[in-house]
**Q** 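Have a look at this one.
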There are 2 protein chains.
Amino acid sequence: MDGTELGRQARPRLEDVAAEVGLSPASVSLVLRGAAGPSAATRERVLEAAGRLGYRPDRAASLLARRRSRLIGVMLDIRSDYHGELVEDVHEAAEQHGYDLVLSTITRSRDERRAVETLLDSRCEALLLLGPDAPAAWLAELDRQLPVVVVGRSIGSPGVDIVRAADDQGVSLSVDHLVGLGHAQIAYVDGGAGEIAAARRDGYRRAMLRHGLRDRIRVIPGDHTEEAGIRAGMRVAAVLTGHAPTPTAVVTFNDRVAVGLLDALSRAGVAVPGDISVVGYDDSPLSRLAHVGLTTVSQNSPALIEHAVTAIVERLDGGRTTHTEIVLPPGLVVRTTTAPPPPSPDVGHPPGG
Amino acid sequence: MDGTELGRQARPRLEDVAAEVGLSPASVSLVLRGAAGPSAATRERVLEAAGRLGYRPDRAASLLARRRSRLIGVMLDIRSDYHGELVEDVHEAAEQHGYDLVLSTITRSRDERRAVETLLDSRCEALLLLGPDAPAAWLAELDRQLPVVVVGRSIGSPGVDIVRAADDQGVSLSVDHLVGLGHAQIAYVDGGAGEIAAARRDGYRRAMLRHGLRDRIRVIPGDHTEEAGIRAGMRVAAVLTGHAPTPTAVVTFNDRVAVGLLDALSRAGVAVPGDISVVGYDDSPLSRLAHVGLTTVSQNSPALIEHAVTAIVERLDGGRTTHTEIVLPPGLVVRTTTAPPPPSPDVGHPPGG
DNA sequence: AGGATTTCTTAAAGCGCTTTAAAGCGTGCT
DNA sequence: AGCACGCTTTAAAGCGCTTTAAGAAATCCT
């Protein structure tokens with residue numbers, strides 16, 4: 001009465017295929033991996049038999065025996081849409097270089113350390129970390145064990161490879177765009193703590209200064225969620241109906257915040273872009289919806305990932321021993337939430353209310 | 001000048017730890033796995049040395065040597081928020097039963113077949129498939145190889161284990177709730193093709209019939225995206241300002257659709273729930289936002305997952321050889337997008353009829 | 001033909017860990 | 001003493017695959 005009585009039959013092993021064609025396991029292994037050696041006739045026979053038996057190599061055994069695993073460990077936060085998109089690109093890029101992926105996600109009960117340990121246990125040769133929060137020192141220490149590339153986060157004194165978009169520059173683009181449309185009262189909804197948030201905030205500040213709008217700088221506290229956008233939106237809407245200096249445009253930390261903001265504004269009867277222009281950041285699928293049409297900053301993530309994977313391959317196969325930091329310029333995607341400011345200059349009152 | 005000069009030192013092996021404490025690898029293995037045998041003193045020495053050396057067992061080797069892998073393969077679509085949430089729960093549930101996870105996602109260039117193959121190659125003992133689209137026959141065939149449990153999709157003639165929520169019942173709850181509030185003109189935004197969409201649509205139809213609202217049945221075509229909600233919202237808003245029979249409530253296929261709908265309605269100046277009540281489905285994080293406050297149906301996914309993992313464990317360790325289908329009742333989460341209908345201004349028949 | 005090449009095939013030694021049967025070793029018992 | 005008995009520890013045989021050096025076979029030369 002044990003579990004094997006279920007009719008499940010053991011999966012065929014390399015040896016079974018070898019026996020089937022009357023060759024040695026070595027030859028079969030060679031054929032199956034496309035290595036040089038076996039003759040065309042042998043190849044054919046082996047392939048046929050393997051197919052007929054439904055043979056699939058055991059990855060654990062193969063990993064163990066091979067000198068290299070050709071595995072790249074990817075740490076991500078599965079709750080993030082953005083990471084999901086990135087992983088798709090990583091898959092493709094890795095495949096092109098002959099690497100496979102092993103994924104490990106952080107969850108509420110699984111911190112970065114544990115996620116990375118899982119990765120290491122699976123013998124991966126390099127680590128691709130999507131937006132890690134871990135201290136730089138630990139990352140550098142990891143990098144002493146195997147190549148580590150950090151995507152999306154900027155780190156003071158590297159010790160790892162870094163691939164990221166120029167966040168400050170992205171926000172700059174937004175501000176430039178708005179100024180070009182004639183805006184001056186441009187507020188910014190902040191992304192909270194974190195290096196990315198800091199970089200974007202900085203980009204905003206600097207762009208404002210550059211345009212001589214020092215006293216129009218206005219940072220509304222927030223975080224990375226719709227909730228923050230909603231709060232900011234309600235605040236802005238209240239101000240609109242009040243008398244304080246009114247923003248005619250709002251730049252947000254990311255698209256999620258922007259979407260929350262848009263929602264709150266629309267419910268408060270504030271027209272976008274009629275009364276207020278809004279710019280997001282990320283070019284997320286949501287922002288692309290025709291009805292939303294959010295003007296936003298695109299990080300060009302396929303390129304980002306391509307660089308990240310290339311960085312890994314360079315260190316693994318190219319013999320590079322130095323660290324590199326690649327900063328990609330973001331691009332502005334202008335859609336329908338930005339327009340010139342309303343004619344009424346200073347104290348604006350809501351139209352339809 | 002080879003790659004090893006980088007100062008990376010080989011990771012310590014079991015044997016190294018053994019040498020360090022002057023014991024055999026066997027003893028160390030025993031200690032590290034918490035198996036019975038070694039004395040307390042030995043345990044301590046080994047643990048200390050292992051810690052000092054930073055030893056981590058090689059998973060591939062361990063997998064290969066062990067009879068069982070204690071691995072559950074999870075196939076998911078990383079683009080889906082919902083799957084992301086589920087994976088968190090799977091992690092926890094699996095851990096409690098002493099299993100670990102191996103993840104494999106489908107992407108645009110990686111279909112379910114490939115994703116599953118990756119999983120099989122890693123020696124997992126069972127498969128947990130989140131909302132697979134694959135034909136039932138293939139799933140059944142897989143199940144002959146190893147236990148398969150399908151989450152969230154209903155399948156005609158199983159051949160696999162199934163764990164899902166009663167989708168029709170969920171929509172029924174929504175309709176009941178609305179009827180209880182006095183609504184009669186209840187429209188439904190459809191989720192397109194697919195078995196889940198069919199079940200929910202059915203639930204709507206049947207609930208309407210049950211309440212004697214046969215001629216109020218109105219299914220607005222759509223799919224599973226915000227876009228569909230937006231289109232539906234614009235349609236409903238147009239009707240409101242026109243003269244056709246007006247819905248006073250809209251039930252949607254899922255929260256994403258509902259959010260799109262809410263957005264379109266609010267931009268059209270339609271008040272929710274003042275003019276129209278809206279009900280979603282999924283109890284997604286978005287619906288929980290205070291400002292959105294979407295009334296929605298909760299699938300109770302932690303319980304869903306708990307059952308799914310239990311089903312696997314039963315077959316793996318419990319010796320169950322039959323297939324099971326577990327259907328969990330969903331629950332309604334009433335928030336702020338539902339209220340009694342506005343005092344009927346138009347030709348609507350009074351409720352209850 | 002004989003030897004030198006080249007081509008194809010395989011034996012055998014692992015990869016790092018688990019597992020089982022058996023070996024040590026103090027005990028207490030008769 | 002002699003012995004059976006727990007309690008610890010270990011030798012050794014794999015897990016299924018890769019890889020390398022060497023063997024066998026076929027091909028080429030002069």
Side-chain angles (χ1 to χ4, degrees), chain A residues 4 9-47 49-50 53-71 98 100 117 120-125, chain B residues 2 4 9-47 49-50 53-71 98 100 120-125:
Chain A
T4 53
Q9 50 202 22
R11 56 193 287 173
R13 292 158 310 152
L14 190 64
E15 196 186 332
D16 300 325
V17 179
E20 186 77 8
V21 291
L23 283 171
S24 71
S27 298
V28 176
S29 173
L30 259 8
V31 171
L32 259 26
R33 269 170 310 117
S39 67
T42 302
R43 296 204 113 76
E44 195 171 330
R45 281 201 303 150
V46 168
L47 258 17
L53 263 47
Y55 172 77
R56 316 216 81 232
D58 183 315
R59 170 176 264 235
S62 161
L63 231 56
L64 185 56
R66 213 191 322 255
R67 268 4 183 52
R68 307 195 34 187
S69 70
R70 299 205 74 86
L71 241 32
D100 207 344
E117 280 173 358
L120 292 179
D121 291 350
S122 64
R123 282 189 157 222
C124 59
E125 298 181 24
Chain B
D2 66 22
T4 53
Q9 50 202 23
R11 56 193 285 173
R13 292 158 310 150
L14 190 62
E15 196 186 330
D16 300 324
V17 180
E20 185 77 9
V21 292
L23 283 171
S24 71
S27 299
V28 176
S29 173
L30 259 10
V31 169
L32 259 25
R33 271 170 309 117
S39 67
T42 301
R43 297 203 114 77
E44 195 172 326
R45 279 200 305 150
V46 168
L47 258 18
L53 263 47
Y55 172 76
R56 316 217 79 232
D58 183 315
R59 172 175 264 235
S62 162
L63 232 57
L64 184 57
R66 213 190 325 253
R67 258 24 172 52
R68 305 195 36 189
S69 70
R70 298 205 76 86
L71 240 32
D100 208 343
L120 292 179
D121 291 350
S122 64
R123 284 191 154 220
C124 61
E125 299 180 25

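The structure presented is a predicted model; accordingly, all values stated were derived computationally and were not measured. Letters A, B, ... are given to chains in the order of the sequence lines, protein chains preceding strands, and every chain is numbered from 1.
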**Q** Check this for me, if you would: do D58(A) and R13(A) make a salt bridge, where the nitrogen-to-carboxylate-oxygen distance has to be below 4.0 angstrom?
**A** no
**Q** On a heavy-atom basis, which atom in D121(B) and which in R59(A) lie closest, and how many Å separate them?
**A** O-CB, 2.9 Å
**Q** How about R123(B) and R66(B): do any of their side-chain heavy atoms sit closer than 4.5 Å?
**A** no
**Q** Which is it for L63(B) and L63(A) under the side chain to side chain contact (heavy atoms under 4.5 Å, CB included) test, yes or no, and what are the steps along the way?
**A** CA-CA 11 Å; L63(B) 232 57; L63(A) 231 56; over 6 Å; no
**Q** Evaluate the criterion side chain to side chain contact (heavy atoms under 4.5 Å, CB included) for residue pair D16(B) and R11(B); output intermediate values, then yes/no.
**A** CA-CA 10 Å; D16(B) 300 324; R11(B) 56 193 285 173; over 6 Å; no
**Q** State, to 0.1 Å, how close S122(A) and L71(A) come at their nearest heavy-atom pair, and which atoms those are.
**A** O-CD2, 3.6 Å
**Q** Quantified as the angle between the terminal helix axes (five pairs each), what is the overall bend of the helix from dA1(C)-dT30(D) to dT30(C)-dA1(D) to 10 degrees?
**A** 50°
**Q** Heavy atoms within less than 4.0 Å of DNA chain D: which residues of residues 53-65 of chain A have one? Give them sorted by number.
**A** Y55(A), P57(A), D58(A), A61(A), S62(A), A65(A)
**Q** Mind running side chain to side chain contact (heavy atoms under 4.5 Å, CB included) on L32(B) and Y55(B) for me, showing each step along the way?
**A** CA-CA 10 Å; L32(B) 259 25; Y55(B) 172 76; 3.4 Å; yes
**Q** Any residue in residues 29-36 of chain A with a heavy atom nearer than 4.0 angstrom to DNA chain C? Just list them by number, or reply none.
**A** L30(A)
**Q** Where is the tightest heavy-atom contact between C124(B) and S69(B), given as atom of each residue plus distance?
**A** CA-OG, 3.9 Å
**Q** Nearest heavy atom decides the nucleotide; on that basis, is A26(B) or E15(A) closer to the 5' end of DNA chain D?
**A** A26(B)
**Q** May I ask you to say what R123(A) touches in the nucleic acid, namely base, sugar-phosphate or nothing, with a heavy-atom cut-off under 4.0 Å?
**A** sugar-phosphate
**Q** Check every nucleotide of DNA chain C for an atom under 4.0 Å from a heavy-atom of chain B, then give the first and the last such nucleotide from 5' to 3'.
**A** dG16(C) to dT19(C)
**Q** Students often get this wrong, so: under 4.0 angstrom with heavy atoms, is S39(B) touching a base, only sugar-phosphate, or nothing?
**A** sugar-phosphate
**Q** Between R43(A) and P38(A) (side chain of the first, backbone of the second, donor and acceptor by atom type, cut-off under 3.5 Å), is there such a pair?
**A** yes
**Q** With a 4.5 Å heavy-atom cut-off, do V31(A) and L23(A) have their side chains touching?
**A** no
**Q** The criterion is side chain to side chain donor-acceptor pair (under 3.5 Å); which residues satisfy it with T42(A), sequence neighbours excluded?
**A** S39(A)
**Q** Minimum heavy-atom separation for V21(B) and A49(B), please, with both atom names.
**A** CG1-CB, 3.4 Å
**Q** With sequence neighbours left out, write down each residue that passes side chain to side chain donor-acceptor pair (under 3.5 Å) with E44(B), or none if nothing qualifies.
**A** none
